[in-house]
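One structure is given here, and the rest of the page talks about it.
Hydrogens, waters and symmetry mates play no part in the numbers below; they use all other heavy atoms, side chains included. Predicted model only: the values in this text are computed from it and were never measured. Within every chain, numbering begins at 1; the chains are lettered A, B, ... in the order of the sequence lines, protein sequences first and strands thereafter.
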There are 2 protein chains.
Amino acid sequence: MVTIKDVAKATGVSPSTVSRVIADNPRISPDTKKKVRKAMKDLGYHTNISARNLVVKSTKAIGVIMPSSADKALQNPFFPEILRGIGSVTHRMKYSVTLSSGQTEEEIYEEVQRMVFGSYVDGVILLYSRLNDRVTNFLIERGFPFVIVGKPYENVNGITHVDNDNFTAGKEITEHLIDQGHEKIAFIGGSKDLFVTIDREAGYEAALQEAGHEVSDSYKIHTEFLKSGGREAVENLMSLKTPPTGIVVSDDLMSVGVLSMLEESGVKVPRDVSLVSFNNVYLSEIILPALTTVDIQIHELGAQSAKALIEKTVNKTEPVKRISIPYEIVYRDSVSRLP
Amino acid sequence: MVTIKDVAKATGVSPSTVSRVIADNPRISPDTKKKVRKAMKDLGYHTNISARNLVVKSTKAIGVIMPSSADKALQNPFFPEILRGIGSVTHRMKYSVTLSSGQTEEEIYEEVQRMVFGSYVDGVILLYSRLNDRVTNFLIERGFPFVIVGKPYENVNGITHVDNDNFTAGKEITEHLIDQGHEKIAFIGGSKDLFVTIDREAGYEAALQEAGHEVSDSYKIHTEFLKSGGREAVENLMSLKTPPTGIVVSDDLMSVGVLSMLEESGVKVPRDVSLVSFNNVYLSEIILPALTTVDIQIHELGAQSAKALIEKTVNKTEPVKRISIPYEIVYRDSVSRLP
DNA sequence: AATGTATGTGCAAACGATTTCATGAACTGG
DNA sequence: CCAGTTCATGAAATCGTTTGCACATACATT
C-alpha cells in the first residue's frame, strides 16, 4: 500500500505537504501541488480512510436503518427507491452509506449502538417511525445526529424529519373519491403503530366528516400484511349490508393485494368499487387498472433526508427542521365516477 | 470519548492488557479480565473502529454494488430481498454493509475504486453481471476479493459466484408449459446483456427444441423495461397469425406488466394464454392470477454470497467457488392445461 | 540447586493520516 | 536598508488500537 510518506519521498517534500495538497490547501505553491499530484497519480496513491477518520473524528458515512422485517414488508419497492434517493446525495457529497442488517428490533438496536459508539457513522437515517421506539430514544439520549423519514412519535418539534403531509394527502385523495360521487368509503391500512397509517387514516376520516358522510369502524381494516388475515377482512368488508363503493388503501403494494382479492370475489375495479392509494411506486402504473395514487416522491424523501442529515453532521448547531415533501395525486384508472 | 487508556488507568493495568481482554486473549488471567470488563462497562467503553481498522488492516465491512439504475429496474423487490439475505449473515458475523450509491456506470466505477483503494471494505458483492463490465475487470485486476450474484461474463471458473442454474430452470419451467399441452411458447426477457436473461432464454429454447416445437425469433421479446416499447412488442406478439398460448417471462415484476397489457388487450390469463416467470417475489403470490414461477430463493442467494465473500476475505487462499442455489417451481394459477 | 518452561503483564513501536507550531525565505513599505 | 508581513514548507505530536518482544515470577524437571 502506498502511503503519504511514499509520495513525500518520491517528491522530495514532507508528508505534511502531501497531506496539504490532498486537502488543496491554498498555502501550497502551484508548482509543488503539480509535482505532488503527479507523484500521487504515478504511484497510485489513495488516502487510507481509517487513518484519516481516526484523526478527523468523522467518517463521512451515514447509517440507514431499515424497519425490523415485518417480513414481506421489506419487499416493498419503497425501499430500493428511497435508498436511491439517499444515494443520490450521499454520492454527490462523497459520503458512504452503511445499511442496517438486523432483522429483529433487538438486533437493530444493537447495531445502531455499534454504529454510534464505534464511530462507524456520522449520523443515522431512520426509515420508519414507530410508537415508542428504543432506537429513537437511544439516539436522542446520546445526542447523536439523526433524521427520521416520517413523523416522529413524540417531540415532533425536536427531531429533524422529512415527511409528506400525510394527513392532507389522505384527506385530499378521499375527497377525490367523494368528488366522484362516493359516500361509502372504506380504509385499509397497515399497522396502527406506524405514523403513516395513522396520519393517512386521520385525513381520510376528516374528509368524510367534512363531507358529512358516515365514518364507521366496520369500514376500517388494519392488517399487518395481506396474506391470511387480510383476505377475510376484505371479504367481510365487501359483504356488509352496505358495502363501500370506494376504498382508500394506505400503500400501493397493499393495493395490488386488495385488488386481487376483490377481483377474485368478482368485484371489479373500478366498475364495482373504486380504489385509491399512496406512494406511486412503479408497480402502480403497470398494474391493471393503473392506480390513482398519491405520488409521495419517495426519491425526494430520501434525498432530502440525506441532505438534512449531512448538514446536521457537519454543523452540530444546525436547527431542527421539519421538511415536508410536496405530494401530488396522479389520476389513473382505478376510480370511477358514481352517478 | 472513553479510550482503552482510560480503562487501563481505571483498572491499573496497561493498555495492552485491556486490548487483550477485548480480544479475549487466553494469556490474561481471569481475575484481570473480570476487573477490566467491569471497568469497560462502567466507563461505557466502546472500541474505536477506525483505530482498530488502521492497524489490523481490515474493516469487517463489505460493499454491495447495485446495478447502474436502469431506472425503474431498481424498484424490483429482488433488491430489498437480496439485501436482507446478505444482511442475515453479515449481521451474524458482525460485519457491516456499505451500499453503492452511484447511478451511472461511471459513478459506480469510481465508487468501487474508492471502496477498494481507500480500504473502505474487505470485499465486494456485485449484484449484477453484465457483459464486459469495467467494475468486474477492475476487481480482477486488483485481485480484490469479490463475489458475483449471477454468472460472470467470462472466466466463469475463476470467479466465485452464486447463482441459480438458470438454464435448467428456464428449461424446466417451459417444459411445464409443454407438459400442459402448449406448443407455441413465447419468451419475454430483459436486456440481452444480462446473463440471467441469456441463460433463462437458452433454457427456454432447449426445452422447445427437445420437444420438437418451433422456436422462432418473432416469439422472443427483449425489453429494457416495459413502458412504451414493451407495450407494442406484446401487442405485436399477440396479433401474430399464430399467437403463442404460453409465455415465459424472465422476471416476476415484468410479468405483472405483461399481465396488464394482455388483459388490457382482452387476453385473459390463464384462460387465453398461460404465463410463467421467475423469482417468486412476494408480489407474485398476491397478484391475480397468482403466478406460477420459479422460486430462485433470493434470500439464500444473498446469504450465500455474503458467506462466500467473508470466507474469502478472511482466507485469501480460499478456492474459487461456484455456488448453485437450488430453485423450485411453485405452481399457482397462471397456467392452464391445453386440450 | 540449577535449569527450563509456563504464565501474566508491560513497553514501545507501529498503522497512515492531519494539524499545530516553528522557521526560513521572499517581499513590502517607509 | 530595516522591520514587519506574507508565503511555502517541515518537524513532531496526535488520534486509539494492536502486537512483537522483553521481563519477572512461579512452577516443574532433573
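- Heavy atoms of B:V18 sit nowhere under 4.0 angstrom from any nucleic acid atom.
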With a 3.5 Å cut-off and sequence neighbours excluded, list the donor-acceptor pairs that the side chains of residues 35-42 of chain B form with protein atoms.
unit_1	atom_1	unit_2	atom_2	d
B:R37	NH2	B:D24	OD1	3.2
B:K38	NZ	B:D42	OD2	2.7

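- Looking at heavy-atom distances under 4.0 Å, B:S19 makes contact with a base.
- For the pair B:R84 and B:E81, the salt-bridge criterion is met [side-chain N within less than 4.0 Å of a carboxylate O].
- In this structure, B:F117 has its ring center closer than 6.0 angstrom to the ring center of B:F138.
- Note on B:K33: every side-chain N or O is 4.0 Å or more away from OP1 and OP2 of C:dG8.
- Judged purely by atom type and a 3.5 angstrom limit, B:E318 has no side-chain atom pairing as donor or acceptor with the backbone of B:T313.
- Residue contacts shown for A:G118 are absent, as no nucleic acid heavy atom lies under 4.0 Å away.
- The base of D:dA11 sits within donor-acceptor range of the side chain of A:S16, with an N or O pair under 3.5 Å.
- At the phosphate of C:dG16, neither OP1 nor OP2 sits under 4.0 Å from any side-chain N or O atom of A:T3.
- Under 4.0 Å is where a charged nitrogen must lie from a carboxylate oxygen, and between A:K307 and A:E311 at least one such pair does.
- Regarding contacts with the backbone of C:dA14, every side-chain N or O of B:K57 stays at 4.0 angstrom or more from both OP1 and OP2.
- For the helix from C:dA1-D:dT30 to C:dG30-D:dC1, the rotation axes defined at the first and last 5 base pairs enclose an angle of 40°, given to the nearest 10°.
- Side chain of A:K33 to backbone of A:I22: no donor-acceptor contact under 3.5 angstrom is found.
- Residue A:M1 places its side chain closer to C:dG16 than to any other of C:dG8, C:dG16, C:dT18.
- In this structure, the nucleotide among D:dT17, C:dG10, D:dT19 sitting nearest to the side chain of B:V56 is D:dT19.
- Closest to the A:A51 side chain, of the nucleotides D:dT19, C:dA17, D:dC15, is C:dA17.
- In this model, the phosphate group of C:dT9 is approached by a side-chain N or O of B:T32 to a distance below 4.0 Å at OP1 or OP2.
- For D:dT9, one of the phosphate oxygens OP1 or OP2 lies less than 4.0 angstrom from a side-chain nitrogen or oxygen of A:S29.
- Judged purely by atom type and a 3.5 angstrom limit, A:D122 has no side-chain atom pairing as donor or acceptor with the backbone of A:S58.
- Comparing B:S50 and B:R27, the nucleotide of DNA chain D nearest to each residue sits closer to the 5' end for B:S50.
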